[in-house]
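Down below is the structure, laid out as structure tokens.
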Amino acid sequence: PILLTPRAWQDNGAAAGPATAGECLKQPQFKHLTKRTINRRKCGEIKKGATVGGRHRILTDSEEVSLAFWLKGANTAARGKNRIAQTTKIVAMLKLRVAVRKASQYRKREIQPLSHHAKVALRTGKVNKDFFQGFYQRVAHIVKEKEQHVEDKTRSDTYNEDTIQEHFYAPAGLEACLIKHGIMDPITKLITDPRRLLNRDECPQFIAYCTTRGGGQMLVAAGTRDRAVTLAHENRECLTVDMVWGLDGFACGPGILIARENLTESIILDDEFELASVFDERIYERDAHSTHALIHNNKAGFQTQELFKDATEMLDRELTERSVQRPVVIMSDCHESRYGADLLEWCKSVEIFFFFEKPKTSGFLQAQDQYNRKFHYEYNKGMREHRIRVANARKPPCEPEDVHLSVKDFLSVFSTVWFSWSSKMDRITAFRRVGICTDKLRPDLVNRKNFTGAVLGKAGAAPRTSAAAVAAAAAAAGASTTSAVETTQQSRRRSSVASAPTPPVAEFYFQYEPPPSPQPPIHCSKVVTPEGGPRRGTSAYWENKYNVMRGINLQWEAYGTKPKTVLQPVVAAPAREKRKRGHLNDSHGCSSIQGLTVKARKQHTDRVEKEEKTSDNKKERKAANAAKSAATAADAAAWKACHPTCSCDMAVCPQRKLTYCVWCERVMKNGCRKPACKEKVAAAAAAEAGGGAAGAANTDALALVVGGGPGVVGSGDG
């Protein structure tokens with residue numbers, strides 16, 4: 001049978017529908033309904049207490065529209081309301097409707113009474129979730145539920161049009177600063193030389209951070225129901241890259257800040273390439289970049305006034321080589337390293353001035369921040385290629401994920417991507433995104449996507465507000481948008497809602513989802529209880545499972561060892577690369593790559609020469625000791641040949657006046673004076689004096705003491 005909805009009753013019945021319930025019952029399509037049900041449908045009810053649009057209607061149409069615009073205005077003011085706050089507002093609207101019905105001046109007006117669910121909500125202070133589901137369907141053209149994004153309140157308060165106007169047109173704004181230093185014409189407001197306006201900012205970068213952002217990952221094959229996971233060595237050490245861009249699209253030399261107290265030779269010197277060959281301290285105007293570069297290092301790894309001054313000195317040399325007219329203006333953030341008295345005095349002497357931006361505004365006023373994501377993407381892409389290259393170069397080759405990356409690898413990848421990750425047009429576009437063109441200021445080009453609150457016009461103009469902003473302002477001022485009495489503003493909203501597309505009306509039947517498609521059986525290695533076996537969880541079940549697992553283990557033991565699978569081969573961990581560990585002397589602070597390379601080469605050469613000299617000395621000492629040992633052995637053999645009977649057949653035997661030490665086996669003119677030999681001779685003499693078995697044991701040793709002193713065998717007379 002046909003179940004007519006209230007909207008269908010209004011659409012069809014108003015045109016040619018019956019007037020009374022009795023006339024309805026005479027028609028065949030309404031014969032299944034009762035007279036009471038038909039009267040409720042004519043009044044816009046589906047069930048007792050449930051009005052048009054669903055069983056859980058609590059508010060009227062005008063109240064729902066007012067609530068929708070109130071929620072939209074609250075979100076415009078960065079005060080998004082969740083369902084708890086919405087419930088509080090709904091209860092307040094219901095209380096207002098009850099108060100209006102009781103007022104004497106509104107008794108003659110037709111104000112809809114509270115439905116059953118509205119009374120429950122008013123009594124309990126809770127709203128059923130079914131109401132919210134139907135509410136967001138009915139007002140989908142006005143407001144929707146979305147995922148909440150929590151932002152820093154201090155930063156969000158600066159994301160507005162007032163900040164832009166203050167940044168560009170304040171008495172100490174950018175326009176006044178450029179006019180003061182002669183970079184902008186005060187009449188035409190045109191920038192005379194874009195090379196004299198620069199922007200400076202730092203960009204942090206992890207060495208090897210396992211993340212899916214920035215293009216550092218790629219697609220891998222995985223099972224249909226499995227999670228794609230690849231294990232890799234991670235290095236979360238964060239380095240900072242100091243970037244300086246000119247308004248003409250020129251990229252000045254970078255500065256790399258490393259958290260190291262001292263640098264090693266392996267960071268600067270490499271067998272494959274050297275940083276000095278890449279950053280050779282030249283200016284390439286045609287390619288719009290400089291090959292000057294600095295390496296800052298300190299123990300904490302953050303920018304200090306001394307390091308920033310060294311970086312500014314390098315920038316001064318670059319500007320001099322490019323013949324840039326002075327003074328120049330550098331746009332920078334408000335980091336504490338920019339406020340040193342010595343730094344500002346020195347900058348003033350070389351006509352370099354700073355324009356400090358308002359805190360918490362780098363997201364839309366810093367040119368480098370508009371393209372930092374691309375730098376991370378290109379770096380992670382280069383790091384992935386570097387892993388593959390290093391893994392293939394090892395012997396034997398290993399997997400790229402097994403390569404451990406360090407500061408040396410960071411510098412290697414950085415030198416390959418620095419000159420290609422951004423072009424001259426990219427840098428000019430970055431300035432345009434913050435409202436600065438090569439010839440003039442354009443605040444209207446600033447990206448206002450993340451702005452909050454009402455958007456104001458130019459300085460002195462009236463604020464431009466939308467209808468939602470007006471509703472939010474009225475709600476903030478205390479104006480009641482929940483009144484049941486229809487005002488002029490509500491009638492306008494009714495007309496706007498009527499012109500908007502009407503959401504579809506839900507039909508009153510259950511919609512069943514189709515049965516899931518048959519899935520293939522999953523093969524697993526679980527021990528399955530046989531049919532008719534003990535029930536799972538009982539003691540007999542676990543005993544049976546234990547016996548089965550024990551039998552499997554016995555089979556493995558009989559087999560010997562578990563076979564290696566094809567998918568997960570056992571691979572020995574690759575040996576880490578041997579690198580030069582010599583520390584560079586006096587490397588704390590800021591140094592150019594060329595200077596560090598010269599220092600590292602000299603130190604490396606000196607150390608190699610010293611090692612070679614030490615090695616040669618060792619070889620000479622070893623040869624001398626070998627020759628001395630051979631001579632000593634020859635003398636001992638000659639002495640033994642002439643004792644006790646001379647065998648040299650000479651008139652005067654040369655071995656006659658020499659003595660031989662039994663303990664050190666040397667031949668000498670006088671007795672042995674070594675302390676060890678003297679101690680052994682004294683011990684032998686004491687043992688002989690003691691007599692007995694000890695004396696008999698040392699008889700052979702003392703028998704050699706003839707003539708030339710204790711412990712020494714002399715020639716004597718025979």
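Counting begins at 1 with the first residue of the sequence. None of these values were measured; they are calculated from a predicted model.
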Pairing donors with acceptors under 3.5 angstrom, does anything connect the side chains of Arg666 and Thr632? no
Quick one, Cys203 and Asn372 - any side-chain contact, counting heavy atoms below 4.5 Å? yes
Residue list, side chain to side chain contact (heavy atoms under 4.5 Å, CB included) with Arg326, at least two apart or on another chain: Asp316, Leu319, Thr320, Val328, Val350, Glu351, Ile352
With rounding to the nearest 0.5 angstrom, report the CG to CD distance, Leu239 to Glu202. 13.0 Å
Can you list every pair that meets side chain to side chain donor-acceptor pair (under 3.5 Å) and has a residue in residues 239-254, with sequence neighbours left out? Arg200-Asp242, Asp248-Arg322
Nearest heavy-atom contact between Leu198 and Cys252 is CD2-SG, 4.0 Å
Glu285 CD: over 12 foreign heavy atoms closer than 6.0 Å: yes
Sequence neighbours left out, what passes side-chain hydrogen bond (donor to acceptor under 3.5 Å, both in side chains) with Glu318? Give chain and number order. Ser290
With rounding to the nearest 0.5 angstrom, report the NZ to NZ distance, Lys674 to Lys680. 9.5 Å
Reported CG-to-CG distance for the pair Leu247 and Leu197, which is rounded to 0.5 angstrom: 5.0 Å
To the nearest 0.5 Å, how far apart are CG in Leu307 and CG in Leu294? 9.5 Å
Any side-chain donor-acceptor pair under 3.5 Å between Arg282 and Thr291? no
Can you list everything that forms a side-chain hydrogen bond (donor to acceptor under 3.5 Å, both in side chains) with Thr312? Sequence neighbours excluded, please. none
The criterion is side-chain hydrogen bond (donor to acceptor under 3.5 Å, both in side chains); which residues satisfy it with His181, sequence neighbours excluded? none
Please examine the side chains of Thr416 and His386, heavy atoms only from C-beta on, and report whether any two atoms are closer than 4.5 Å. no
Could you tell me which residues satisfy ring-ring contact (aromatic ring centres under 6.0 Å, His included) with Tyr371, sequence neighbours excluded, listed by chain and number? none
Is the backbone of Pro327 close enough, under 3.5 Å, to the side chain of Arg196 for a donor and an acceptor to pair up by distance? yes
Under a 4.5 Å cut-off applied to non-hydrogen side-chain atoms, are His233 and Glu401 in contact? no
Counting only heavy atoms not in Lys424, do more than 12 fall under 6.0 Å of its NZ? no
With sequence neighbours left out, what residues match Ala638 under side chain to side chain contact (heavy atoms under 4.5 Å, CB included)? Gln655
Closer than 3.5 angstrom, by distance alone: can the side chain of Asn392 be matched with the main-chain N or O of Ile388 as a donor-acceptor pair? yes
What pairs with Phe250 under ring-ring contact (aromatic ring centres under 6.0 Å, His included), at least two apart in sequence or on another chain? none
For Phe355, check ring-ring contact (aromatic ring centres under 6.0 Å, His included) against everything at least two apart and list the hits. His167
Looking only at side chains, do Asp333 and Ser362 share a donor and an acceptor under 3.5 Å apart? no
Once rounded to the nearest 0.5 Å, what's the spacing between atom CD1 of Ile283 and atom CD of Glu321? 5.0 Å
Is there a side-chain contact between Phe354 and Val329 (heavy atoms, below 4.5 Å)? no
With sequence neighbours excluded, tell me which residues meet ring-ring contact (aromatic ring centres under 6.0 Å, His included) with Phe419. Phe279, His289
Heavy-atom side-chain contact between Phe375 and Met243 under 4.5 Å: yes
So, for Asn199 and Ala367, which heavy atoms are closest and what is the spacing to 0.1 Å? ND2-N, 3.0 Å
Can we say Glu611 and Arg607 salt-bridge, meaning some charged N sits less than 4.0 Å from an Asp/Glu carboxylate O? yes
Looking at residues at least two apart in the chain, or sitting in another chain, which of them share a side chain to side chain contact (heavy atoms under 4.5 Å, CB included) with Arg621? Asn617, Lys618
Please work out which of the three classes, parallel, tilted or perpendicular, describes the rings of Phe410 and Phe414, given edges at 30° and 60°. parallel
So, Glu620 and Lys622, do they make that salt bridge, N to O below 4.0 Å? no
Indicate yes or no: at least one non-hydrogen side-chain atom of Ile183 is less than 4.5 angstrom from one of Asp193. no
Above 12 or not: heavy atoms from other molecules or residues under 6.0 Å from CZ of Arg432? no
Do the non-hydrogen side-chain atoms of Pro254 and Trp418 ever get within less than 4.5 Å of each other? yes
Using only atom types and a distance under 3.5 Å, with no angle test, would you say the side chain of Asp287 pairs donor to acceptor with the backbone of Tyr284? no
For Glu237, is there an ion pair with Arg260 - N to carboxylate O distance below 4.0 angstrom? yes
Please collect all ring pair (Phe, Tyr, Trp, His ring centres under 6.0 Å) contacts where either partner lies in residues 331-351, sequence neighbours excluded, each pair once. Tyr339-Phe356
Would you give the length of the straight line joining atom CD of Gln366 to atom CZ of Phe431, rounded to the nearest 0.5 angstrom? 9.0 Å
Any donor-acceptor N or O pair under 3.5 Å, side chains Asp426, Ser423: yes
Can you see whether Arg373 engages His376 through a side-chain donor-acceptor pair at a distance of less than 3.5 angstrom? no
Test side chain to side chain donor-acceptor pair (under 3.5 Å) on Asp310 and His296; report intermediate values, then the result. CA-CA 9 Å; Asp310 295 336; His296 317 267; 6.0 Å; no
